[in-house]
There are 2 protein chains.
Amino acid sequence: MIHINKVGDLTGVTVRTLRYYDKIGLLKPASKTEGGHRLYTNEDIKKLQQIQFLKKIGFPLHEIKNMLTSSEWDWSESLKSQLSFVLKEQENLKKIELSLRELIHGIALEGEENWVAIQKTMQLSSKDKEMKQLYRESVFKPREIKLWKKVPNMTSDSPDSLEWIALIGQLKRYMMEGPKAPKVQNIIRRMDEKRLEEFEGEDEFLEKLWKIRMSPKQSEKLSLYPIDQNVLEFMEQAYAFFLAEKNNPQAE
Amino acid sequence: MIHINKVGDLTGVTVRTLRYYDKIGLLKPASKTEGGHRLYTNEDIKKLQQIQFLKKIGFPLHEIKNMLTSSEWDWSESLKSQLSFVLKEQENLKKIELSLRELIHGIALEGEENWVAIQKTMQLSSKDKEMKQLYRESVFKPREIKLWKKVPNMTSDSPDSLEWIALIGQLKRYMMEGPKAPKVQNIIRRMDEKRLEEFEGEDEFLEKLWKIRMSPKQSEKLSLYPIDQNVLEFMEQAYAFFLAEKNNPQAE
DNA sequence: TATATAAAATGACGTAACGTAAGCTTCAAG
DNA sequence: CTTGAAGCTTACGTTACGTCATTTTATATA
């Protein structure tokens, strides 16, 4: 016969919990002292461990009670339904994770102080994702759909996407220095390097992508994070200058 | 000025919820009629949509309230901590998923009627998984560790593992017909085919595995689902008979 | 054996985010 | 002016306990 706090020590559950389980009839102690103190047996401990396990895998107490009392319980049934529930929960959390990453990257781009990023993402997220997939397929060729995966997007945590976000963020910061500023040109050079690494020879695709980028509405349809028009234009100027310099190095 | 049930139609939240948000000060309607009916503006609707989004990604209402009121809120901070929380939750659900699969497969093996499978798995799950990894590394060679992944286990949902479980389950059902029964021999043949497909030429490894299998204690240490001793022995007999038949087809 | 003290018992309130029901009041149409 | 629909407030129920507050029992010491 084991006292209540000893049971707690053995299994890690609190005294309060044991009293609660007693009250709801989930685990009644085998006996009591004449004064009313609860006394548990080894059997009770085993049952408690089963309860703990079933609770851990997500069953509510009232269902655990049924499971352990009714001998005719359809274990297979409830385990499978619990499994499908768990799978759904995981999908859901995956979506939440993507939204969070989008927001975090958005703030990295826009800076924390202004609400714009948050607003944009919250609007984006409220729309239908599947629609976008369909639209995407209508605009690009099948082969280009594969390339699409390499386009940096706000939900990815790949190093590549992160660097793109960082580069664009820096570009915004240095915009007031003009497109020819060395800092800006360094960023553009790095972008060009990455472009070559990832999209070498895919000029047609890049051309299409850039046109879409220049139209905020189309960008949004494709769930591209809407980059400010003036940033895009600035980028185009800086890139033009970069190309000119490259072809004619010593000129000034 | 929009009436409360219209707001519900527009955003999908219930009237009760809107009244609740009013009460806790999360979303107060811009004005009220003299009779006390709530009137919302377009601004309110926008705010409500933000609330919905933040709720969807897992923030509690009181935190959302802070986020939307205090202008100095550290968005980056709370988004990141929420992200890490979500990641932890996903890990947790993954573990739960594995436990559930283990139980479901256990029942497929032992049959629903007897508690044995459930008991066994519940005991297995309560122990430390990392310990097992270490033990495994001490028993097998590095090269064999890779092979280990192909050993059917109770938590996998790969077709291969499922078939092994099904085969062993059937074997148990036909045990009373003796090791020479055609049904039993068919199962053994299928097992042999699979063995060849997956472990061809790895005789040393299989030998080791089999020895461990014959010892319930060692099996458990490696988190192998403990198969009953008599089933294993029966399997050995049936397999011996199978080999004999194969080498000497027409004898009887 | 009386008493001090630890530990146990019961009862009640609080939690998060609403759902649901009861009973009363306001709004808008006819 | 009536009437039915919709709105209002109040309050209890939900999950699985945590956290008091108060009282009673068990046990060790004087």
Side-chain angles (χ1 to χ4, degrees), chain A residues 1-41 44 47-68 78 82 85-86 89 92 96, chain B residues 1-40 44 47-68 78 82 85 89 92 96:
Chain A
M1 288 304 176
I2 312 167
H3 268 255
I4 193 165
N5 77 337
K6 187 77 195 250
V7 176
D9 289 349
L10 288 174
T11 61
V13 308
T14 67
V15 177
R16 172 69 173 104
T17 300
L18 287 168
R19 288 203 268 257
Y20 178 65
Y21 288 175
D22 184 3
K23 190 178 181 186
I24 66 172
L26 176 59
L27 181 70
K28 299 234 169 243
S31 62
K32 291 192 174 187
T33 69
E34 42 185 276
H37 287 200
R38 285 168 247 263
L39 295 173
Y40 294 85
T41 64
D44 292 333
K47 188 171 172 185
L48 180 56
Q49 284 168 338
Q50 290 171 1
I51 291 170
Q52 286 186 101
F53 175 75
L54 293 171
K55 201 162 77 71
K56 213 180 62 185
I57 60 179
F59 287 101
L61 294 187
H62 64 86
E63 203 166 333
I64 295 178
K65 189 178 169 187
N66 285 334
M67 291 171 155
L68 297 183
S78 48
Q82 180 66 12
F85 173 77
V86 166
E89 274 296 292
N92 192 24
I96 290 174
Chain B
M1 288 304 175
I2 312 168
H3 268 255
I4 193 167
N5 76 337
K6 187 79 196 241
V7 176
D9 290 349
L10 288 174
T11 60
V13 309
T14 66
V15 176
R16 172 67 173 105
T17 299
L18 286 168
R19 289 202 269 255
Y20 178 65
Y21 288 174
D22 184 3
K23 190 179 182 185
I24 65 172
L26 176 59
L27 181 69
K28 298 237 171 239
S31 61
K32 289 192 176 189
T33 69
E34 42 183 280
H37 286 200
R38 282 165 250 260
L39 295 173
Y40 294 85
D44 292 332
K47 187 170 174 187
L48 180 55
Q49 283 169 339
Q50 291 172 2
I51 292 170
Q52 284 186 100
F53 174 75
L54 293 171
K55 202 163 77 73
K56 214 179 64 185
I57 60 179
F59 287 102
L61 294 187
H62 64 87
E63 203 165 334
I64 295 178
K65 190 178 167 186
N66 285 335
M67 291 170 156
L68 297 183
S78 49
Q82 180 65 12
F85 173 76
E89 273 297 291
N92 191 23
I96 290 175

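Letters go in sequence order (proteins before strands), and every chain restarts at 1.
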**Request:** Mind calculating the distance between CD (B/E63) and P (C/dA17) to the nearest angstrom?
**Result:** 10 Å
**Prompt:** Does the side chain of A/V13 come within less than 4.5 Å of A/Q52's, by heavy atoms?
**Reply:** yes
**Asked** NA contact type, B/R19, heavy-atom cut-off 4.0 Å: base, sugar-phosphate, or nothing?
**Response** base
**Item:** Protein-nucleotide distance (A/H3, atom NE2; C/dA8, atom P), rounded to Å
**Value:** 8 Å
**Fill in**
Atom CD of A/E34 and atom C1' of C/dA9 are separated, to the nearest Å, by 15 Å
Donor-acceptor pairs are to be reported for all side-chain atoms of residues 17-28 of chain A against protein atoms at under 3.5 Å, with residues two or more places apart or in another chain.
unit_1 : atom_1 : unit_2 : atom_2 : d
A/T17  : OG1    : A/T14  : OG1    : 2.8
A/D22  : OD1    : A/K28  : NZ     : 3.3
A/D22  : OD2    : A/R38  : NH1    : 2.4
A/K28  : NZ     : A/D22  : O      : 3.0

**Asked** In whole angstroms, how far is the P atom of C/dA6 from the NE2 atom of A/H37?
**Response** 15 Å
**Fill in**
Of A/G36 and B/H62, the one whose closest nucleotide on DNA chain C sits nearer the 5' end is A/G36
**Asked** Is there a donor and acceptor pair, one atom on the side chain of B/R16 and one on the base of C/dT20, closer than 3.5 Å?
**Response** yes
**Asked** What is the minimum heavy-atom distance between B/I57 and B/Q82, and which atoms define it?
**Response** O-NE2, 3.0 Å
**Message:** So B/I4, base contact, sugar-phosphate only, or nothing? Heavy-atom distance under 4.0 Å.
**Reply:** sugar-phosphate
**Asked** What is the distance, rounded to the nearest whole Å, between atom CZ of B/R38 and atom C1' of C/dC27?
**Response** 15 Å
**Message:** For a quick test of reading the model: is some side-chain N or O of B/Y21 closer than 4.0 Å to OP1 or OP2 of C/dC18?
**Reply:** yes
**Asked** Rounding to a whole Å, what distance do you find between A/Y20:OH and C/dA9:P?
**Response** 17 Å
**Request:** For A/L39 and C/dA7, give me the distance from atom CG to atom C1', rounded to whole Å.
**Result:** 13 Å
**Prompt:** Which nucleotide span of DNA chain D, 5' end to 3' end, has atoms closer than 4.0 Å to non-hydrogen atoms of chain A?
**Reply:** D/dA16 to D/dA26
**Message:** Within the 4.5 Å heavy-atom criterion, are B/L39 and B/I2 side-chain neighbours or not?
**Reply:** no
**Request:** Quick one: closest heavy-atom pair of A/G36 and A/K32, and the distance?
**Result:** O-CD, 3.8 Å
**Complete:** Comparing nearest nucleotides in DNA chain C, the 5'-proximal residue of the pair B/P60, B/T33 is B/P60
**Message:** Has A/N5 got a side-chain atom pairing as donor or acceptor with A/V15's backbone, closer than 3.5 angstrom?
**Reply:** no
**Asked** Between C/dA8, C/dA17, C/dT10, which one does the side chain of A/K32 approach most closely?
**Response** C/dT10
**Message:** Please report the distance, rounded to the nearest Å, between CG in B/L61 and C1' in C/dC18.
**Reply:** 9 Å
**Asked** Quick one: CD1 on A/I96 to CD on A/E89, what's the gap to the nearest 0.5 Å?
**Response** 8.0 Å
